[in-house]
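What follows is a single structure, written as structure tokens, with notes after it.
Chain identifiers are assigned alphabetically (A, B, ...) following the order of the sequence lines, protein sequences preceding nucleic acid strands; residue numbering begins at 1 within each chain.
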Amino acid sequence: MNGGKVTLRRTAGLYAGAAVLRLALFTLFPGLPDLLTGRVEISTPVTSFKRLQEGLFLYNHNVSPYDGGVYHQAPLLLPIFNLLPSFSAFPIFTYLLYIAIDILSAHALLRIAESGEAGSSARFTSPRRDKRWSGAIVAALFLFNPFTIATCIGRSTTVFTTCAILHAIANAISGRPFHAMVALAFASYLSMYPLLLLPPLILLCYDRQKLPATGAPNAWIKFTATMVMDVFGALAVLFQMSFFLTGSWEFLSSTYGVQLTLSDLAPNIGLWWYFFVEMFDSFRSFFLAVFWLHLSSYVGGLSVRLRQQPLVVITLLLGIFSIFKPYPSIADASLFLGMVPLYRHVFPLLRYSFVIAAIIIYTTFLGPAFYHLWIYAGSGNANFFYAITLVWGLGLSLLVCDLAFAVLRDEWEVERPEMAGKEIRQI
Amino acid sequence: MCPSLPSSFLLSLLSLLCFSPYTALAIASSPADSISNSRSDYHEQLILRPLPLSTLLASFNFRSNTSLSAFEAHNFRFFPRSLGQILEHAGTRELHLRFSLGRWDAESWGARPWNGAREGGTGVEMWAWLEADTDEEADRKWLTLTNALSGLFCASLNFIDSTRTTRPVMSFQPEGNHIDANATNMHLLYGVLPHEVVCTENLTPFLKLLPCKGKAGIASLLDGHKLFDSSWQTMAIDIRPVCPEDGECVLQIEQSIDMVLDIDRSKRPRDNPIPRPPPAHEMKCNTSKPYHAHDTCFPTDSAANQDWSLSQIFGKPIKGTCPLTDPTVSPVCIQVPDSRIVFASEGAVEKKNPDQTSRCFDFPAENDFEIFLPAPEAQDGSVVIEHVAKPETPLLYAERSFTGHGQERGGVQTILRNPSPDQEVEFIYMESLPWFMRIYLHTISARVDGQPGKADSLIQEVYYRPAVDRARGTQLEVRMTVPPASTVFLTYDFEKSILRYTEYPPDANRGFDVAAAVITILNKDKSGGNGRNSRFAAYSLRTTTLLCNLPTPDFSMPYNVIIFTSTAIALAFGGMFNILVRRFVAANEGPESGLKKGVNKLKAKLAGILKKGRKESAPAVAAEEEKKAW
């Protein structure tokens, strides 16, 4: 009982600390939010706060924000920000909203960590499960990750997606499949790509149902159908609301069409933009299809191979999305890096942790420097920044692969407990 | 570039050739055939106006009318047939076309000629009222019109596509008298090509439209070498229906060329065109300066009072008058104070205007005409400014520039200065920007110089049509006021987008031209009401064009980028695939890998052969052969 109180106080302290840090950054450095909003590593065409403000301005002046090339974000964000007092007069309310969203995300992550799902799922229990970090540590690693802080100060709208995804996972683990599906629908509505998380999330919900699965052989089909209907029902409601809000369906092509066709080639840390800047026109649509196919091809493979640990599938997919989605930013990386500490028990099995850490730090510092050389100093060209995005992508993909390796080896050692710590190979 | 001419144009050229000016002259001058309005159907006039800093503004104006009934009956006399057919085919009710170069220096030259109504921004600018039932039909007709005019004027007007076309809402009003001026079937379309370089190939077709084809009359002065060497020049064509209070409606075509010539530059001989400082003994010093001494010299603006003559400046005198022109309009006028002496060639009649600042000349049709202005005598070294008509102060000064640095984002700042001490100026500021400049309208703000804080109340009305990538440009029209004797800064931010590498021009690092902003000062005196007598715009001006630098990719890299990115993706996918599909075994378990197996086998074999060799002392060749068999 006493321990619970201590934990509660520790968690509250952690959240308060994170909030105070962000508030201090917002208020002590008034130029910082706009500086970070302008960074390509934080704001992409589909998440930029400046574009949101422009959309809001047009929306308030009866110009459709979707009848233009600037605003590519979900329509429901407009009334949400419209309800807040005007940003130019009272920026503090926007700051508080972003801080609250970050803390909500951290709280969901804390619930995921406390559940112990990462170490022992319904079908699999890791021999190393005792070696894990408490929820507060995982939440602290998320909240005090510089990437998360920068995203929050830069007011990228990815934070809403992050929050929705984490809540979907937390709800799935705590046995509330409907809530999970609604949260996932929100995330998909905001950013589209989270819809690819649906299969592993259904698996997670199915494993974590409150009622033990009945003997009926087709129970899982019924369950899956219900889940899919939940998601699409929630999405339909959201779309209908957006339709009523904007009065037309043109928001679909402007928000999701841009992600599908990459018509805005603004530089970001992903691999798509430069590829499609340099792409020959006749092959553009072919490679767009290939890139999307590649992005979605991981879902099936991972869900099948890691059937016993759906949370791992979700984590790995989040890592892959943060590298290969059309407009990635460090916000996506911060979500993935926030999920990684859940697997504290397999850290000893990681093979390249030093290389990965070195690459991430190296690109974090060199990326902005090379971007400056290209855009401002003029002493470098686009290849400088492109090279860094390649290294960043390779570094993160190394982490994803290494984590997959570590988790699989952990699984394998259940069958072969005597192999712990021995040299192994794959055939 | 000159796209191939449409065949109908060739046909019309042929027909025009048959209709030579001399036959026209015969008709016009024969007393039996005295058509009542033939005399006023065509007139031309050249107005010369010396400006400060030794420059000369030459305004050529040619105007011809044709009655609407004659036009509809395809009876072309002074109205060029080639243009008439295009207008008819494209359903054009009113057309304005501008070819411009250079910058009007309002600070020294004052108000613009024609109150800015006959000028365009640098490059080519055109706007037209088309008759169409729907927007799509208007777009189709616009496309027809631009393509046809492109052929006629040898300009890249066919590049005015949807991204360069806007439909202004506030800035333009029809100049002509339309029966149904506000009817829904009148569509105004506006297109601009800031990158177009106006040159001789545009002047030739322009002169061809004139009844005298530039062979006689004031048009004989026009010559590409001089026109495009000027500090500022604009060629304009305006076609509009005009309905006088009494009488039949006519279709009027007005062609004008305004140019500001640098007298020093024009007088410089062709064989010695490089400007060199005059030798010390020829330098004229301003002795009124306190530091003037025998070894220091502040040069006077001596050039301002230099003498010049038409043939020095234009390279030739005027070759008589065009026989078709209205004789009641003097062909040449010069705006200098009456106190200044002007010599004209023999036979010319000088008529001084009552305002004491201008005089006109009539001269016989068959004689060459020449004007000579001797240098006014300087009085004791002081600058004699009154020998040049005092420039009129414009209603508004406007300058536009980019702010910020780098190729990622920037801002546009327009400085608007109202010189009037007691009158505020109300105007419409229009920008048509390319789509790759993504402007943030929420950042638009006005600020009065010298006053803290924003003055957004000066912005009264905004019409904004945001750009759509690769489909439509930004259209921004702002109605605003500038208080008397103050300077207003209008600013907004924009972001530069990176394009596909095939969308960059060959000189990508030069930058992209951004069209001039059009500022239309509204006419306060709206007493006319019906727009017939009062012009909609009191004054209009254009800012200079801007050069926007976009971030560029490495153009030599497409294959490399495709290969590198594909490799990165293949590494990630391959790594993941390997981990997912392979089984784990201990390092010493399972089947050996291919390479290791081969090496082990080879070792064993070699060892066996060596053993055998030692035992039987077989020749080494056999072992070698055995090895080769592997």
Quiz item: With a 4.5 angstrom heavy-atom cut-off, which part of B:Leu499 approaches chain A: side chain, backbone, both or neither?
Solution: backbone
Exercise. Heavy-atom distances under 4.5 Å only: say whether A:Trp374 touches chain B with side chain, backbone, both or neither.
Key: both
Quiz item: Is the B:Tyr440-A:Tyr71 ring centre distance short of 6.0 angstrom?
Solution: no
Quiz prompt | Contacting moiety of B:Asp493, where chain A heavy atoms sit under 4.5 Å | solution = side chain
Quiz item: Is B:Arg472 salt-bridged to A:Asp67, going by a charged N under 4.0 Å from an acidic O?
Solution: yes
Quiz item: Side chain, backbone, both or neither: which part of A:Leu58 has a non-hydrogen atom closer than 4.5 Å to chain B?
Solution: side chain
Practice problem: Please state whether the side chain, the backbone, both or neither of B:Glu503 comes within less than 4.5 Å of a heavy atom of chain A. | Solution: neither
Self-check item: Which atoms of B:Ala586 approach chain A - backbone, side chain, both or neither, heavy atom under 4.5 Å
Solution: both
Quiz item: Quick one: does A:Met419's side chain get under 4.5 Å of B:Val585's, heavy atoms only?
Solution: no
Quiz item: Checking heavy atoms, do the side chain of B:Leu580, its backbone, both or neither come under 4.5 Å from chain A?
Solution: both
Quiz item: Salt-bridged, A:Lys50 to B:Glu495, with N to O below 4.0 Å?
Solution: no
Exercise. Mind telling me whether B:His442 and A:Phe57 have parallel, tilted or perpendicular rings, with 30° and 60° as the class edges?
Key: tilted
Self-check item: Flag side-chain contact, heavy atom, 4.5 Å: A:Glu54 against B:Arg438
Solution: no
Exercise. Measure centre to centre between the rings of B:Phe573 and A:Tyr298, then say whether the value is under 6.0 Å.
Key: yes
